[in-house]
Amino acid sequence: MELINREFKAVVQDTTHVFVGAKMSVSEMMSFDDVPFKIKAIFNKYYSKEDQINRPIGELLGQIDKNSFEFQVFKQLRLKFKAGEYIEKRGKKIYKSKSLSLDEFIDLHASGKEYVDEEVVFNKLALLAFST
């Protein structure tokens with residue numbers, strides 16, 4: 001069964017978080033006025049190369065080396081991720097989203113399992129405390 005194919009290219013904020021669609025490319029995210037400047041500055045620093053700006057954010061973040069400084073930066077930002085997958089329940093396949101930490105998200109990307117990157121969730125308090 002093919003996984004659902006939604007856009008996941010929106011930017012939404014509430015009082016404590018910024019939700020960025022994981023299917024959005026870095027260049028698309030940079031064009032959104034609703035994305036806080038610190039997020040844009042961080043992505044500009046780490047993902048400004050020609051081969052990276054058109055790749056989905058979820059894909060780029062899922063391939064971070066856990067021994068890199070980049071990993072430490074995103075860990076400090078307390079990123080959370082939403083990913084979805086089909087699971088068997090009572091003989092039926094249902095779609096279920098789950099919230100993941102950065103470590104879990106990277107492990108999911110490395111696992112080879114079939115899933116959908118949905119959102120990257122930035123904590124506004126962590127962004128406020130982080131200096132660029």
Side-chain angles (χ1 to χ4, degrees):
M1 178 176 248
E2 187 177 318
L3 289 175
I4 62 172
N5 186 16
R6 296 188 188 149
E7 282 293 312
F8 295 113
K9 290 188 175 185
V11 177
V12 179
Q13 295 188 45
D14 65 14
T15 56
T16 58
H17 295 93
V18 178
F19 304 88
V20 177
K23 297 284 186 181
M24 186 180 304
S25 70
V26 174
S27 62
E28 289 172 323
M29 183 193 63
M30 294 296 190
S31 70
F32 269 76
D33 291 335
D34 294 343
V35 178
F37 179 78
K38 278 191 182 179
I39 294 174
K40 288 181 180 181
I42 292 164
F43 275 87
N44 187 51
K45 179 174 174 81
Y46 292 104
Y47 300 111
S48 60
K49 294 180 184 144
E50 188 67 33
D51 63 331
Q52 296 171 327
I53 60 171
N54 293 318
R55 289 181 53 205
I57 294 168
E59 182 182 307
L60 290 169
L61 294 174
Q63 296 174 352
I64 294 174
D65 178 6
K66 289 185 180 182
N67 297 316
S68 69
F69 184 72
E70 177 185 358
F71 175 78
Q72 295 301 319
V73 167
F74 287 111
K75 190 85 166 169
Q76 181 82 29
L77 287 172
R78 298 191 328 216
L79 289 186
K80 294 287 182 191
F81 299 86
K82 280 188 70 182
E85 65 182 338
Y86 281 103
I87 58 172
E88 286 283 336
K89 191 168 189 177
R90 297 184 192 138
K92 295 182 181 178
K93 282 195 172 200
I94 60 170
Y95 185 79
K96 182 164 179 138
S97 291
K98 57 184 171 182
S99 182
L100 304 168
S101 68
L102 180 58
D103 291 304
E104 293 168 330
F105 188 69
I106 292 170
D107 291 344
L108 178 63
H109 269 257
S111 73
K113 289 176 72 176
E114 198 171 341
Y115 62 91
V116 175
D117 293 335
E118 295 177 1
E119 291 178 333
V120 180
V121 183
F122 293 86
N123 183 302
K124 283 186 176 180
L125 187 57
L127 279 171
L128 182 67
F130 189 82
S131 80
T132 52

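- What you find for D14 and T16 is that their closest heavy atoms are OD1-N, 2.9 Å.
- In terms of heavy-atom proximity, E104 sits nearest to S99 at OE1-O, 4.2 Å.
- The OG atom of S101 sits 13.0 Å away from the CZ atom of R78 when rounded to the nearest 0.5 Å.
- The aromatic rings of F81 and F105 sit parallel, their planes meeting at an angle under 30°, below the 60° perpendicular limit.
- A distance-only check finds a donor-acceptor pair linking the side chain of K40 to the backbone of M30 [under 3.5 Å].
- Rounding to the nearest 0.5 angstrom, the gap separating the CD atom in Q72 from the CG atom in L102 is 9.5 Å.
- Criterion: ILVMFWY side-chain heavy atoms under 4.5 Å apart, direct or through other members. Under it, V26 and V11 are part of a common hydrophobic cluster.
- The shortest heavy-atom contact between D65 and F71 is O-CB, 3.3 Å.
- A heavy-atom distance below 4.5 Å is found between the side chains of V73 and F130.
- Across K96, K93, K98, a single residue satisfies side chain to side chain donor-acceptor pair (under 3.5 Å) together with E85, and that is K98.
- Taking each heavy atom of F19 and E119 in turn, the nearest pair found is CD2-OE1, 3.7 Å.
- Between the CZ atom of F69 and the CZ atom of F74 there is a distance of 11.0 Å, given to the nearest 0.5 Å.
- Atom CD of Q63 and atom CD of Q52 lie 10.0 Å apart (nearest 0.5 Å).
- Note that the CE atom of M29 and the NZ atom of K9 stand 13.5 Å from one another [nearest 0.5 Å].
- When each of I57, I53, V20 is checked for a side-chain contact (heavy atoms from CB on, under 4.5 Å) with F43, only I57 meets the rule.
- Considering all non-hydrogen atoms of both residues, G62 and H109 come closest at O-CB, 3.4 Å.
- At least one donor-acceptor pair under 3.5 Å links the side chain of K38 to the backbone N or O of L128.
- Remark: E70 CD to I42 CD1 distance equals 11.0 Å, nearest 0.5 Å.
- In terms of heavy atoms, K66 sits closest to I106 at CE-CG2, 3.9 Å.
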Quiz item: Given L79 and F122, is the side-chain contact (heavy atoms from CB on, under 4.5 Å) satisfied, shown in steps?
Solution: CA-CA 5 Å; L79 289 186; F122 293 86; 3.2 Å; yes
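- Taken together through direct or relayed side-chain contacts under 4.5 Å among Ile, Leu, Val, Met, Phe, Trp and Tyr, Y46 and M24 form part of one hydrophobic cluster.
- A salt bridge links K75 to D103: at least one charged side-chain nitrogen sits closer than 4.0 Å to a carboxylate oxygen.
- Side-chain contact check for P56 versus D117: every heavy-atom pair is 4.5 Å or farther apart.
- A distance-only check finds a donor-acceptor pair linking the side chain of S31 to the backbone of E28 [under 3.5 Å].
- The side-chain contact (heavy atoms from CB on, under 4.5 Å) with H17 is formed by just one residue from the set N123, V12, L127, L125; it is N123.
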